[in-house]
Amino acid sequence: MERTEKDVEQYLCKRVKEMGGKAYKFVSPGNAGVPDRLVVVPTGLESLVTAIYLLVEVKKPGGCLRPRQRMKIKELCDMGADCRIVDCYERVDKVIMELETAVVAVSVLAGDVGNGRRV
């Protein structure tokens with residue numbers, strides 16, 4: 001059975017939830033082409049960086065961005081937003097691995113590793 005965009009999106013939400021985060025459905029009226037999901041993952045820190053935010057466009061396996069989506073994602077990235085495109089479980093897994101690495105890096109920068117905190 002071939003996976004659909006809905007399958008990939010559900011998998012993303014499941015994996016983010018496993019990290020203790022949320023993958024909010026992102027809708028911005030009047031702004032066609034914005035990414036599908038706003039992912040928020042807590043770092044476990046009380047200061048410095050308390051959460052990591054990521055915008056994710058979900059496509060069906062092998063799916064391509066529409067021109068408006070490409071333009072909006074470029075616009076967001078140019079403003080410093082972190083945007084990702086996922087079209088399969090493997091790409092979702094890669095994004096999750098990058099988020100896990102970022103959480104650890106933030107903890108190291110904060111000097112929180114080894115202080116009994118969950119990283």
Side-chain angles (χ1 to χ4, degrees):
M1 183 171 114
E2 191 168 321
R3 292 189 177 124
T4 65
E5 181 175 322
K6 183 178 179 180
D7 294 331
V8 176
E9 192 164 24
Q10 287 176 340
Y11 184 68
L12 171 69
C13 294
K14 175 182 170 273
R15 292 299 314 275
V16 169
K17 186 176 181 180
E18 290 171 356
M19 288 186 70
K22 299 253 183 185
Y24 296 101
K25 185 71 175 170
F26 182 56
V27 180
S28 182
N31 292 292
V34 296
D36 297 309
R37 294 280 171 173
L38 170 61
V39 172
V40 182
V41 177
T43 62
L45 300 175
E46 295 176 11
S47 62
L48 189 62
V49 178
T50 58
I52 297 171
Y53 301 85
L54 183 67
L55 291 160
V56 180
E57 175 61 34
V58 181
K59 304 304 280 178
K60 69 180 181 180
C64 297
L65 293 175
R66 295 187 311 268
R68 171 80 59 178
Q69 290 173 316
R70 190 174 308 283
M71 182 183 77
K72 283 294 181 182
I73 289 172
K74 181 182 180 328
E75 179 182 286
L76 288 162
C77 289
D78 287 349
M79 290 189 293
D82 195 351
C83 300
R84 303 298 170 85
I85 302 153
V86 297
D87 68 348
C88 61
Y89 286 13
E90 293 78 16
R91 289 186 195 249
V92 170
D93 290 340
K94 183 176 182 216
V95 168
I96 295 300
M97 186 176 69
E98 291 169 353
L99 284 169
E100 290 169 342
T101 301
V103 168
V104 170
V106 166
S107 295
V108 168
L109 289 173
D112 235 20
V113 172
N115 293 333
R117 297 197 69 124
R118 182 179 157 259
V119 223

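None of the values given here were measured: they were computed from a predicted structure.
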note = Note: Val27 and Pro29 closest approach over all heavy atoms is O-CD, 3.7 Å

task = To the nearest 0.5 Å, tell me how far Leu54 CG sits from Arg84 CZ.
result = 5.5 Å

key: Lys/Arg N to Asp/Glu carboxylate O, Glu9 vs Lys6, below 4.0 Å   = no

inquiry  = Is any side-chain heavy atom of Val56 closer than 4.5 Å to one of Asp36?
reply    = no

request  = Please lay out, stage by stage, how Leu12 and Val8 fare under the test side chain to side chain contact (heavy atoms under 4.5 Å, CB included).
outcome  = CA-CA 6 Å; Leu12 171 69; Val8 176; 5.7 Å; no

ask   = For the side chain of Asp78 and the backbone of Glu75, is there at least one donor-acceptor N/O pair under 3.5 Å apart?
value = no

task = Determine the minimum heavy-atom distance between Pro35 and Ile73, stating which atoms define it.
result = CG-CG1, 4.1 Å

key: Residues clustering with Val34 (ILVMFWY side chains joined when closer than 4.5 Å, directly or via others)   = Tyr24, Phe26, Leu38, Val40, Tyr53, Leu55, Leu76, Met79

Heavy-atom pair with the smallest gap, counting every atom of Ala102 and Ile52 = CB-CD1, 3.5 Å

pair Leu99-Val39: side-chain heavy atoms closer than 4.5 Å = yes

inquiry  = side chain to side chain contact (heavy atoms under 4.5 Å, CB included), that's the test. Do Arg37 and Cys13 meet it? Break it down for me.
reply    = CA-CA 9 Å; Arg37 294 280 171 173; Cys13 294; 3.6 Å; yes

task = Please list all pairs passing the ring pair (Phe, Tyr, Trp, His ring centres under 6.0 Å) test where one or both residues lie in residues 67-93, with sequence neighbours left out.
result = Tyr11-Tyr89

inquiry  = For a 4.5 angstrom cut-off between non-hydrogen side-chain atoms, does Lys59 reach Arg66?
reply    = yes

request  = Verify, without hydrogens or angle tests, whether Arg68 (side chain) and Gly33 (backbone) share a donor-acceptor contact under 3.5 angstrom.
outcome  = no

inquiry  = Using the rule that Ile, Leu, Val, Met, Phe, Trp and Tyr join whenever any side-chain heavy atoms are under 4.5 Å apart, tell me whether Met19 and Val95 fall into a single cluster.
reply    = yes

query = Are Glu18 and Lys14 within salt-bridge range, i.e. N to O under 4.0 Å?
reply = yes

note = d(Ile85 CD1, Arg91 CZ) to nearest 0.5 Å is 8.5 Å

query = Between Leu45 and Ala110, what is the shortest heavy-atom contact and its length?
reply = CD1-CB, 3.8 Å

message = Which heavy atom of Val106 sits nearest to which heavy atom of Thr43, and what is that distance?
response = CG1-CG2, 4.2 Å

message = Nearest 0.5 Å, please: how far is CD in Glu57 from CD in Glu5?
response = 7.0 Å

